[in-house]
Amino acid sequence: MPELPEVETIARGLAGRVMGDVIESVWLGEKREPLKSPPQEIAGTLTGKRIASVRRLGKHIVFDLARDHEPRPAAQWIVHLGMTGQMLVSRPEVEIAKHTHAIVKLASGRELRFVDPRRFGRLSVAHGFETSGSEPLEISEENFIKLFRARKTPIKSALLNQKLLRGVGNIYADESLYRAGVRPRRRAASLTRDELHKLYRAVQKVLKEAIAAGGSSVSDYVDADGEEGFFQLRHRVYGREGKPCYKCKTPIKRVVIAGRSSHYCPKCQR
DNA sequence: ACTATTTCCTGGATGC
DNA sequence: TGCATCCAGGAAATAG
């Protein structure tokens, strides 16, 4: 499931392959769920535009679209991959995968294909796209600590709240809390300054390491080249229910918090 | 202004 | 083997 490190990896891969290319035409499938903007608006905004840049914002992929010969982007194509979404660069002769919801033909002859079996992903267009929340790799420690002050919700839920931090999902929330030694059910406001300091460092460390590893490949995540990441090999708690903690051998516990499976070591995390 | 719960989706795993 | 049921979860919608 693509979170910040996976989306960063994908956006970088896409930038290297389609930046500067021009969109010739757009095909959108029958299903309406994957579209957040009306289909004519998406097709109309994309067609004829040059892809000036591709970047990540939270868990979104942002394609900056410019009119030919104009340096400033006139619009953005926003892609959220949801859980099972993939954005692939394909040659036109490659067979169209099941659950392909959009095909964008490029002047270079290749195609951008959006494939998403579960249809939790979303496509939209925008002008001056913004999202709420802070980038976890850019926020200052002082502002990070302020985010959680006076919040009654479990720290795990607060980490997943995109209006606070954007880009942290279930895997990296669990991995960060383990490294910070904090139990996921703790009320956010109950964390001490020292625990918040450790959590700040842990979130940044985990995200940076995961980006360096090309993300975590669980379920069907692959990057723009169809390559898997390998950070899943370094997960210390996520997906390790019942297995021994790497530090103390205590079996890792799994509980459900706000409908999300949450993994932690009952001895190392307090 | 927050917080908690429900809903959307399909493929893979599980159970009988 | 076949069929039914459950589960994964990001974010929006709904309810409190």
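Each chain gets a letter, A, B and so on, in the order the sequences are listed, and its residues count up from 1.
A close approach under 4.0 Å does occur between a side-chain nitrogen or oxygen of K59(A) and OP1 or OP2 of dA11(C). For the OP1/OP2 pair of dG9(C) and a distance below 4.0 Å, the side-chain nitrogens and oxygens of S261(A) include at least one atom meeting the criterion. OP1 or OP2 of dA8(C) has at least one side-chain nitrogen or oxygen of R254(A) nearer than 4.0 Å. Within the structure, every side-chain polar atom (N or O) of Y172(A) is placed at least 4.0 Å from both OP1 and OP2 of dG9(C). Distances shown here put every side-chain N or O of H80(A) at or beyond 4.0 Å from the OP1 or OP2 atom of dG10(C).
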For a quick test of your reading: what N or O donor-acceptor pairs under 3.5 Å do the side chains of residues 151-161 of chain A make, sequence neighbours left out?
unit_1	atom_1	unit_2	atom_2	d
R151(A)	NE	L147(A)	O	3.1
K156(A)	NZ	N170(A)	OD1	2.7
K156(A)	NZ	D174(A)	OD1	2.8
K156(A)	NZ	S261(A)	O	3.3
K156(A)	NZ	S262(A)	OG	2.8
N161(A)	OD1	K163(A)	N	2.9

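Toward the 5′ end of DNA chain B lies the nearest nucleotide of A258(A), the other residue of the pair K98(A) and A258(A) mapping further downstream. Nearer the 5' end of DNA chain B, as judged by each residue's closest nucleotide, is the contact made by P154(A), out of P154(A) and R260(A).
S157(A) comes within 4.0 angstrom of no nucleic acid atom, judged by non-hydrogen atoms across all strands. Counting any heavy atom pair closer than 4.0 Å across all strands shown, R187(A) reaches sugar-phosphate atoms only and no base atom. Using a 4.0 Å heavy-atom distance criterion, R151(A) is classed as a sugar-phosphate-only contact.
Rounded to whole Å, atom P of dC9(B) lies 15 Å from atom CD of E30(A).
Donor-acceptor pairing under 3.5 Å, judged by distance alone, is present between the side chain of R118(A) and the base of dA8(C).
Counting non-hydrogen atoms of neighbouring residues, nucleotides and ligands closer than 6.0 angstrom, the NZ atom of K247(A) exceeds 12 such neighbours. Crowding of R110(A) atom CZ: a count of heavy atoms from other residues, nucleotides or ligands under 6.0 Å exceeding 12.
Rounded to 10°, the angle separating the first-five-pair axis and the last-five-pair axis of the helix from dC2(B)-dG16(C) to dC16(B)-dG2(C) equals 50°.
In this structure, R240(A) forms no cation-pi arrangement with Y178(A), as its terminal cationic atom is not both closer than 6.0 Å to the ring centre and no more than 45° off the ring axis.
We find the NZ-CZ distance between K36(A) and R122(A) to be 8.0 Å, quoted to the nearest 0.5 Å.
Applying the side chain to side chain contact (heavy atoms under 4.5 Å, CB included) criterion to I96(A), with sequence neighbours excluded, gives T100(A), I103(A), R113(A).
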